[in-house]
Amino acid sequence: MKEYDTVIGLEIHVQLKTESKMFCSTSANYFGEKPNSHVCPTCLGLPGALPVTNKKAMENAVKVGLALNCRINNFNRFDRKSYFYPDLPKGFQISQFDLPVAQEGFVLVGDKKIRINRAHQEEDTGKLIHQTVSGEKVSLIDFNRCGVPLIEIVTEPDISSAEEAKNYAKKIHQLMRYIGVADVDMEKAGMRFDANVSLKPKGAKELGTKVEIKNINSFGFLEKAINFEVERQTKALESGEKIIQETRGWVEGKSETVSQRTKETSPDYRYFPDPDLPPLNFADEVLKTIAESLPELPDAKTERFEKEYKLSNYEAKLLVEDKDVADWFEEALRVYLKVGESEDETNKARKVANWVQGEVLRTVNDTGMSIKELKAEPASLVELLIMIDKNRVSHQAAKQVFAE
Ligand code: ADP
Ligand code: MG
């Protein structure tokens, strides 16, 4: 059997958090609402209705670009991507083509640099619901999601395994939460993956024909779908078959990918600048203000926690994983340094880190609450730590008190 290299490029769609939709003033808060209750002439694509760009969505898009170390295109614009789909009433999606908001960045996954080709802003489609009504199989359309702001983040084909793809996806998820532009709620399809997968003879320069697996909605399925596809393509190549460029879907019930259509290529979409929308031109000062509003990002925070608090890389990563946990840790430490016995900062940091990694995160996991929802505040933990320091309570008893 020949050996193959796996080559993967990911396209990730993230719904951006905004009050209103991408090109109209209809509320974007549609989840769980009555079907077709969040619609207007613009997002329904009725003749004569005109789109207006959502400023907040574009600010969020810039933040995404900056968090991905991209170059921001001051001048960018929207294009029409023509295709027919029942839940896309205009017959085209407003997207960005040759002048996207952000280009040429990278994300670190462990030590590996995954290059970002582009991040472009677009609008989401509606939703088809396939049901049986009065014994008849029907497809219903809910347009509530139609026109909700969506950013698409496209990598170069730099990913070389299913596991790496999953870790990259998790990193994007983390970054989106850090910069606060998206809920990235997997249950609400706030983040979806398309995985492009190909094989090539080990060490070969030229890339093989890729297959795109569309619309994967969980990290676990992403890994499974890619692994399945790698195996399927390996078998096909081994038996002398040619891989055809196509779009496949992951069917969880069957644990396999199935062919959906042979893929359109870019010319089929007939991209052209949307004549209803003026191009955007960000002033440098605006970009600067947005850049300054970004919080410290996970990689930088991890490095700082290692240096400043003498934590191991493993511990630092654990605390930094969720920004709220990192903030909780630092707030507790800040209070502890101020009011506790004078003691070496490193010592105190270690104690707080141990408690946060241990009892605090355990309580968070056990209760299913977020750290922000915990009744115990950072200052309450510090009170306990001081009691332990003064030998008023044992460590064991303190754990019980914390749980209470
Ligand atoms: P398309 O025009 O079909 O959308 P693109 O060249 O824009 O293709 O690439 C889409 C995604 O597929 C990108 O993430 C890219 O990195 C990835 N990709 C491109 N070629 C390959 C390949 N041979 N194998 C795996 N992924 C690929
Ligand atoms: Mg797209």
Side-chain angles (χ1 to χ4, degrees), residues 3-14 64-65 68-70 73 79-83 85 92-93 95-107 109 112-122 125 150-172 191-216 222-223 225-234 236-237 241-250 257 259-272:
E3 290 222 46
Y4 298 97
D5 289 330
T6 301
V7 176
I8 302 161
L10 282 190
E11 296 163 272
I12 300 189
H13 287 96
V14 176
V64 172
L68 303 176
N69 303 296
C70 285
N73 289 324
D79 289 80
R80 292 185 177 184
K81 179 183 184 181
S82 307
Y83 62 104
Y85 213 61
F92 61 85
Q93 179 188 30
S95 184
Q96 295 191 304
F97 185 52
D98 53 341
L99 287 169
V101 56
Q103 274 177 298
E104 291 164 9
F106 68 89
V107 166
V109 177
K112 173 132 177 208
K113 203 175 210 177
I114 311 282
R115 288 171 302 155
I116 303 293
N117 172 287
R118 57 198 269 127
H120 64 258
Q121 188 61 32
E122 54 188 28
T125 59
L150 205 60
I151 193 160
E152 178 171 338
I153 302 165
V154 183
T155 73
E156 295 293 345
D158 285 352
I159 301 168
S160 30
S161 73
E163 196 192 0
E164 198 170 278
K166 185 182 71 180
N167 290 337
Y168 163 78
K170 286 192 168 169
K171 184 75 184 254
I172 297 293
M191 187 173 181
R192 282 119 55 190
F193 315 118
D194 301 337
N196 298 269
V197 182
S198 71
L199 298 183
K200 63 179 174 61
K202 207 164 190 61
K205 279 238 159 64
E206 204 183 320
L207 298 186
T209 303
K210 72 176 157 82
V211 165
E212 183 175 11
I213 316 163
K214 275 262 182 222
N215 253 323
I216 304 167
L222 175 66
E223 193 175 21
I226 293 173
N227 278 330
F228 175 87
E229 194 53 31
V230 168
E231 206 168 301
R232 187 188 72 82
Q233 290 185 24
T234 305
L237 291 173
E241 260 176 66
K242 240 190 163 163
I243 303 293
I244 46 168
Q245 182 166 334
E246 62 180 347
T247 302
R248 298 176 74 90
W250 173 248
T257 63
S259 181
Q260 291 179 329
R261 56 189 151 103
T262 50
K263 181 152 170 68
E264 317 65 6
T265 53
S266 176
D268 295 329
Y269 290 129
R270 292 290 185 270
Y271 279 105
F272 68 95

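Indexing begins at 1, ligand by ligand and atom by atom, following the structure's order.
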**OP:** Return yes if a side-chain donor-acceptor contact under 3.5 Å exists between His120 and Glu122, otherwise no.
**Re:** yes

**OP:** From atom 17 (C) of ligand 1, work out which of Ile153, Asn196, Ile243, Asp194 has a heavy atom at the shortest distance.
**Re:** Asn196

Subject >> OH (Tyr85) with more than 12 external heavy atoms under 6.0 Å >> reply: no

Subject >> Any N or O of Ser198 closer than 3.5 Å to N or O of ligand 1 >> reply: yes

Original post:
Is there a donor-acceptor pair closer than 3.5 Å between any side-chain N or O of Asp79 and the backbone N or O of Tyr271?
Top reply: no

Original post:
Is it the case that Thr257 and Glu229 place a side-chain donor and acceptor less than 3.5 Å from each other?
Top reply: yes

**OP:** Would you mind running through ligand 1 and noting each atom that sits below 4.0 Å from a heavy atom of Glu156?
**Re:** 16 (O)

**OP:** State the atoms of ligand 1, each with its element, that fall below the 4.0 Å cut-off from a heavy-atom position in Val7.
**Re:** 24 (N), 25 (C)

Subject >> Heavy-atom nearest neighbour of atom 18 (N) of ligand 1 within options Lys210, Glu212, Gln245 >> reply: Lys210

Subject >> Ligand-side contact atoms (ligand 1) for residue partner Leu207, heavy atom cut-off under 4.0 Å >> reply: 22 (C), 23 (N)

Original post:
Can you find an N/O atom of Pro157 closer than 3.5 Å to an N/O atom of ligand 1?
Top reply: yes

**OP:** Evaluate whether atom NZ of Lys112 has more than 12 neighbouring non-hydrogen atoms of other residues, nucleotides or ligands under 6.0 angstrom away.
**Re:** yes

Subject >> Close N or O approach (Gly208, ligand 1; < 3.5 Å) >> reply: yes

Original post:
Is the NZ or CZ atom of Lys81 both under 6.0 Å from the centre of the six-membered ring of Phe92 and within 45° of that ring's axis?
Top reply: no

Subject >> Pair Glu212 + Arg248, salt bridge at N-O below 4.0 Å >> reply: no

Original post:
For Glu231, does the CD atom sit with more than 12 other heavy atoms under 6.0 Å from it, leaving out its own atoms?
Top reply: no

Original post:
Looking at Thr155, which atoms of ligand 1 are within less than 4.0 Å of one of its heavy atoms?
Top reply: 13 (C), 14 (O), 15 (C), 16 (O)

Subject >> Region of Val154 that comes within reach of ligand 1 [heavy atoms, distance under 4.0 Å] >> reply: side chain

Original post:
Which ligand 1 atoms are under 4.0 Å away from a heavy-atom of Leu10?
Top reply: 14 (O)

